[in-house]
Structure formats: structure tokens, C-alpha cells
Trainee: 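Following this message is one structure expressed as C-alpha cells.
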Amino acid sequence: MIWSIAWRNVWRNKKRSAIILTAVAFGIWAGLMSNAIMLGASRQMVKSAIETRTSHIQVHREGFRDHHEIDLMIQEPDSVTSVIKSIEGVKAISVRSVLTGMCRSPESGTGVTLFGIKPEDEARVSAIEDKLVDGSFFKDEYRNPIIVGDDLAKKLDVGVGNKIVVNAQDLEGSIAGGAFRVVGIFNTVSSEFDKSNVFALRNDIDEIYELGGGVHEIAVILNSNDMLKTVDEKLKNSLSNLDVATWEEIEPQMSILTGTQKQMSYIFIGIILLALVFGITNTMLMGVLERIRELGVVLSLGMNHFRIFYMILLETIFLSIIGAGGGMLATVGTIAVAGKTGIDLSIVSAGLEAFGMSTMLYPYLPAGEYPVVALMVVVTAVVASIYPGIKAIRLNPVEAIRTY
Amino acid sequence: MAVIMSEKICKTYNDGGVPVKALKDVDMEIEDGEFTAIVGPSGSGKTTLLNVIGGLDTLTSGKLRVGDKEISEMTPNDLIEFRLNNIGFVFQAYNLIPVLTAIENVEFIMLLQKVSKEERRGRARELLKSVGLEDMINRKPIELSGGQQQRVAVARALASRPRFVLADEPTANLDTASAENLLDIMERMNDEHKMTFIFSTHDQRVVRRARRVITLKDGQVDTDERKGENG
């Protein structure tokens with residue numbers, strides 16, 4: 001019956017309850033949606049990084065990732081690739097030569113990383129082909145074809161069909177230059193990537209810069225990111241003489257960002273709930289103060305302090321849980337819609353692309369977040385009920401009964 | 001046999017720094033099953049006496065035994081337990097819980113006593129029937145008249161099967177018919193269950209029905225009249 005009394009007490013002053021329920025619901029919705037947007041954005045950032053820059057795993061000679069020295073090439077790449085392919089969970093690989101150099105057009109010049117690839121392998125590993133906004137992915141019969149990012153193309157003032165020159169150090173330590181014809185322009189979500197990376201055929205690179213068939217990087221794509229740790233462990237065991245690195249090791253800042261996202265989201269929700277504590281406490285206090293006489297009566301009849309506190313606590317929990325439930329339902333609904341349609345943030349696209357984020361954000365919140373937030377709400381309700389509860393049990397029954 | 005025995009009980013309030021003596025050395029005995037009215041002018045200490053007997057208020061000095069309990073020596077928590085199991089209260093303003101129906105109001109005190117649900121419901125129905133409200137058990141207080149609310153309050157007071165029923169101006173807000181009806185019910189309960197009834201009242205209708213009338217004046221017993229004794 002105490003549950004029933006508490007429940008009915010919540011609805012005594014419908015207007016007041018509706019206001020605080022709306023505040024709780026809106027606060028929870030805002031907090032969860034912010035988290036869903038952050039989680040969605042970070043998921044997209046990781047996906048984009050894996051698809052364009054890091055793959056799931058990369059294999060290099062020890063030291064290459066730090067210094068990008070041309071002579072740090074993988075010995076006997078065929079045997080390495082057959083080891084990689086034999087591991088369960090590996091979906092595709094792309095063998096690349098990687099050089100750093102200067103890219104020039106008649107208009108301008110800039111430093112770039114030049115990847116030598118086999119288009120059919122690269123298409124299975126990276127999404128560069130899908131990101132083409134002009135030209136084709138090495139389908140036209142040009143000599144020394146090259147694909148560049150749209151930001152680089154703008155900087156060099158070139159388009160499809162124009163020629164550019166890429167100067168890089170060869171194995172002898174001399175500067176070698178190759179003239180390439182732009183056959184495609186890509187646009188990924190990362191403007192930084194688009195400014196500084198170009199893709200050419202591995203055979204052409206090999207010939208121009210005299211690499212002798214050597215390669216620097218093997219990019220590995222897995223069936224799922226969930227297999228990352230298992231495959232990484234196996235590769236590290238099998239290729240102990242090489243540097244095997246996951247995307248988390250290649251871009252640790254992104255790994256830290258996604259790793260701390262959960263804690264950040266709980267802190268964020270915690271701050272919102274802390275603010276709500278004051279509102280809920282105020283509502284409950286008003287509820288207690290306007291029925292002092294009634295509380296005096298139940299004290300007189302023999303309701304002990306524990307039960308009175310318990311009743312106030314239940315009322316607070318009901319109020320908070322209903323509000324939070326409404327907020328969560330609104331969040332589920334919003335994510336169901338916005339998760340499909342996306343949220344268009346093109347108004348701030350330049351800023352987002354600098355961080356490697358897409359301008360269309362798809363909010364995402366794992367189901368496991370909801371029970372945690374519900375628990376946080378219950379804790380909030382307990383905290384919010386303390387002061388009104390103490391106020392109620394400290395009433396003097398004789399004085400309380402005389403209150404009107 | 002005296003079931004309530006007070007020995008020089010005093011109660012002094014602090015009214016804005018000024019001590020106010022509400023009860024001064026009150027010596028009194030009340031027998032088991034008495035139907036007693038405490039009367040006196042406003043400020044004579046009627047309600048205070050009722051409150052200390054009911055364990056709602058503490059004494060400043062003196063000794064008070066109610067049933068087999070020394071009220072003057074009990075802690076606040078003991079007093080809550082004592083009230084729950086020994087005292088039935090009827091207040092002037094009815095004081096029903098507004099969110100509960102009539103039957104739930106009567107059941108409420110039995111819930112606090114941890115009586116089983118079936119027994120609670122059965123006893124509450126019986127009590128509401130005995131006060132003539134069997135057709136209104138599911139009405140909320142706001143849907144009942146003042147007299148009906150006070151009858152529910154009497155049923156609630158009796159639900160815990162108390163030894164003592166303390167009623168503070170129970171008829172003050174009632175018309176004559178409702179007041180007489182309520183007094184009939186309480187008289188019947190007193191006769192049938194031998195519960196001790198103590199009223200604090202100004203109402204002559206109550207005084208006429210009471211079998212003993214204690215008059216307080218300035219916090220002291222002025223007169224104590226047993227009607228049977230005077231014919």
C-alpha cells in the first residue's frame with residue numbers, strides 16, 4: 001500500500017509533476033542524444049579512418065612507421081602475404097609501396113605521401129574508389145596515372161587529365177622525379193588526408209623510383225573490427241620480425257577518443273543529473289511542505305520514520321524514473337529516425353572535415369547504455385529524496401497536525 | 001482498575017521565549033472501559049492532556065502510566081510503536097489520507113501493524129459496515145460529507161484494536177444529526193468492545209453522553225464527575 005500511496009502522491013499536483021517530469025525527460029533526452037551523436041561521430045571517424053588511411057591492421061618493417069625511410073622494405077612480401085591470408089578473419093589485403101616526396105604542378109607544390117598500389121587489391125581494402133568525385137579508378141589507359149585528393153587538386157590547380165610531377169628519393173638516395181597524369185580525384189571526409197595523399201600504380205612507382213619490386217606496407221582488412229585483437233595477436237606471433245600494428249596503434253589519439261567516450265558520456269549524463277537533483281529535490285520538498293498535516297497524522301497513527309522516508313523515496317524514484325523513461329523513449333525514437341536519415345551538419349562541414357568527420361552524422365547508442373543511465377537516475381532520485389525525507393521524519397506530530 | 005494513571009504531570013511550552021505551563025501537577029486516574037469527556041475553556045490544557053496520554057507529546061515532569069507502559073520513560077521510537085498498537089486517534093478535522101479510499105484509510109493502520117491483506121480487508125469492511133458506510137468503501141475523502149469522513153476516521157481509529165480511543169473535538173465540525181450518529185457509534189463500540197474512550201471537547205452533546213466528565217482549568221483538574229455517582 002505504501003507503493004500505492006507514493007504513486008498516487010506523485011499525481012496529486014499534476015501540473016507540478018508534469019513540469020518536473022518534462023525537465024527530467026528533456027534532460028535525459030538531451031544527454032543521451034549528445035552521447036549518441038558523439039558515439040555516432042566517433043564510429044564514423046573510425047570507419048572512415050579504417051576505410052581510407054589505416055585499414056584494420058598494417059604490416060611494415062620495424063621503424064618504417066616512424067621514419068618512412070625508403071629502404072625499410074618488407075623482405076619476401078609474397079611469403080608475408082600468404083601468412084596473413086592464412087589467418088581466419090582476414091578479408092582482403094593490399095600491398096603498397098610508400099614514398100614521401102614533393103608534388104608539383106605548374107601552379108604550385110606541396111609535400112605528399114605517394115602510395116603505389118594494385119587497383120584491384122586496393123579496391124577491396126580501401127574506399128578510395130568509392131570516394132572518387134571525378135575521373136575513374138585507374139580504368140583509363142593513360143601512362144603513369146595518378147589519383148589525388150580534391151583539396152590537393154585545388155591547391156595544385158589541376159583536374160582530371162592534367163599532369164603533375166612527384167619528386168621523391170630513390171633507393172640510391174638520389175632525387176627521382178616522375179610525371180603523372182591525374183585520372184581521378186577523391187574526396188574523403190578528412191581534408192587532411194585529401195591534401196597529402198596520392199595513389200599511383202605500384203609497377204609505375206617501382207620503375208620510376210627504382211624500388212626493385214620492394215614494398216613498404218601491407219594493409220589488412222578484417223571481416224569485422226571485433227576480430228581485431230585475435231587477428232592482431234596471431235599476426236604478431238607469426239610475423240615477429242615485422243611491425244604489426246592495429247588502427248588503434250597507428251592512430252592512438254582516435255583509440256583514446258573512442259576508448260574514453262563511454263566514461264565521457266557517463267560524466268556528461270552525471271552533470272545533467274546533478275542539475276536535475278536540485279529540481280527534483282525542490283519538487284519533493286514542496287510536496288512534503290504542502291502535506292505537513294497529513295504527515296503529522298500518519299506519524300500520530302504510528303507510521304515509523306523508516307516508512308515515511310521510504311514513502312518519500314518511492315515518490316522521488318517514481319517521479320525520476322517516469323521522466324527518465326520518457327526521455328529514453330524519446331531518445332530511442334529520435335535515434336531510430338536520425339540513425340537512418342542522418343543529421344546534416346554541412347553548415348560546419350569545414351571544421352568537421354578537419355577532424356576527419358563526415359558532415360552527415362548518424363547518432364548511435366548501444367542498448368547497454370540505457371540500463372546504466374536508468375541506474376544513475378535511481379541514484380539521483382535517492383540523493384534527491386534525502387533532504388525532503390529528513391524534513392518529513394523530523395516533523396513533530398503535534399505541531400504538524402495543527403498545520404493548515 | 002485504573003488503566004491510565006498520572007502523577008503530578010506537568011507540561012511547559014516555550015512560546016517565543018516565554019514558558020507557558022499547559023499542565024500543572026495533574027493527578028488523574030481513568031478506569032478501563034470508561035467513556036470520559038475532558039472539558040474546559042480554551043487554553044485549559046485539554047488537548048495537551050490528550051496528547052501526552054496518546055504519546056504524541058512528551059512530559060516536562062511527572063509520571064504517566066498508560067496501560068502497562070510508563071509513557072514518561074519512553075523514547076520517541078517507542079512512542080510511535082506504542083501509539084500504533086494501543087491508541088486510536090480521532091481528530092477534529094478528520095485527517096483522512098486524501099489519496100486513499102475509505103476502505104484503504106481504514107486498512108492503512110493495519111498495514112503498519114503488518115496485518116495480512118485478507119484480514120485487513122475483512123476487518124476494514126466490517127468496521128465500515130458498523131459505522132454505516134458499507135456502500136461508500138471505495139469513495140475518496142473528498143467524495144464524502146464531513147460526518148461520513150468522521151465515521152471513516154472512527155473506523156480507522158478502531159481498526160488497530162486499540163485499548164484507548166482518544167478523540168480531540170470529534171464533533172466540532174459536524175451538524176447535530178451527524179454528531180449524534182457518531183456518538184451513537186462510539187457509545188456502541190465502548191459497550192461492545194470495552195474500549196476506553198477519552199474526549200477532549202467543548203461540545204455539550206458529547207458532555208451529555210459522557211459517563212465521566214473531567215473539567216480542566218488553567219492546566220489543573222478542577223472537577224471530576226462520574227455521572228453514575230450523582231445519579
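Letters A, B, ... mirror the listed sequences (proteins, then strands); counts begin at 1.
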Trainee: Should we count CD of B:E126 as having more than 12 external heavy atoms under 6.0 Å?
Mentor: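 Open.
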Trainee: Tell me whether A:M264 at atom CE has more than 12 heavy atoms from other residues, nucleotides or ligands lying less than 6.0 Å away.
Mentor: no
Trainee: Give, for atom CZ of B:F91 and atom CD1 of A:I401, the distance between the pair rounded to the nearest 0.5 Å.
Mentor: 4.0 Å
Trainee: Please classify the contact of B:A157 with chain A as side chain, backbone, both or neither, using a heavy-atom distance under 4.5 Å.
Mentor: neither
Trainee: For A:Y266, is the OH atom crowded, meaning more than 12 foreign heavy atoms sit under 6.0 Å from it?
Mentor: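 Yes - once you tally the heavy atoms of other residues, nucleotides and ligands closer than 6.0 Å, there are more than 12.
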Trainee: What pair of heavy atoms forms the shortest contact from B:R83 to A:S300, and how long is it?
Mentor: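 Heavy atoms only, the tightest pair is NE-O, 3.0 Å.
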Trainee: When only pairs under 4.5 Å are counted, which of B:P98, B:S160, B:G54 shares the most heavy-atom pairs with chain A?
Mentor: B:P98
Trainee: Heavy-atom distance under 4.5 Å to chain A: side chain of B:Q92, backbone, both or neither?
Mentor: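 No part of B:Q92 comes within 4.5 Å of chain A.
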Trainee: Are there more than 12 heavy atoms of other residues, nucleotides or ligands under 6.0 Å from atom CZ of B:R125?
Mentor: no
Trainee: Decide if atom NZ of B:K69 counts as having more than 12 heavy atoms of other residues, nucleotides or ligands within a radius under 6.0 Å.
Mentor: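 No - once you tally the heavy atoms of other residues, nucleotides and ligands closer than 6.0 Å, there are 12 at most.
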Trainee: May I ask you to check whether over 12 heavy atoms, not counting those of A:Y387, lie within 6.0 Å of atom OH?
Mentor: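 Not more than 12 within 6.0 Å, no.
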Trainee: Does any part of the side chain of B:R156, heavy atoms only, come nearer than 4.5 Å to the side chain of A:V297, both counted from C-beta?
Mentor: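 In short, these two side chains touch, coming nearer than 4.5 Å.
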Trainee: Hey, what do you get for CG (A:L299) to CG (B:L56), rounding to the nearest 0.5 Å?
Mentor: 9.0 Å
Trainee: Can you tell me how far the CG atom of B:D57 sits from the CD atom of A:E399, to the nearest 0.5 Å?
Mentor: 8.5 Å
Trainee: Name the region of B:P76, side chain, backbone, both or neither, that has any atom closer than 4.5 Å to a heavy atom of chain A.
Mentor: neither
Trainee: Roughly how far, to the nearest 0.5 Å, is CG of A:L301 from CD1 of B:I109?
Mentor: 4.5 Å
Trainee: Is the backbone N or O of B:V99 less than 3.5 Å from a side-chain atom of A:R8, with the two atoms forming a donor-acceptor pair by type?
Mentor: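 Yes; at least one donor-acceptor contact below 3.5 Å.
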Trainee: Is the number of heavy atoms from other residues, nucleotides or ligands under 6.0 Å of B:K24 NZ greater than 12?
Mentor: yes
Trainee: Looking at A:R307, I'd like to know if its CZ atom is crowded, meaning that more than 12 non-hydrogen atoms belonging to other residues, nucleotides or ligands lie closer than 6.0 Å.
Mentor: yes
Trainee: Can B:I80 and A:H305 be said to form a side-chain contact (heavy atoms from CB on, under 4.5 Å), step by step?
Mentor: CA-CA 9 Å; B:I80 291 175; A:H305 292 161; 3.8 Å; yes
Trainee: Out of B:E107, B:K117, B:E81, B:E104, which one racks up the most heavy-atom pairs below 4.5 Å with chain A?
Mentor: B:E104
Trainee: Can you measure from CD (A:E294) to CG (B:N95) and round to the nearest 0.5 angstrom?
Mentor: 9.0 Å
Trainee: Go through the steps to decide whether A:N304 and B:N77 satisfy the test side-chain contact (heavy atoms from CB on, under 4.5 Å), and finish with yes or no.
Mentor: CA-CA 7 Å; A:N304 62 30; B:N77 282 337; 6.0 Å; no
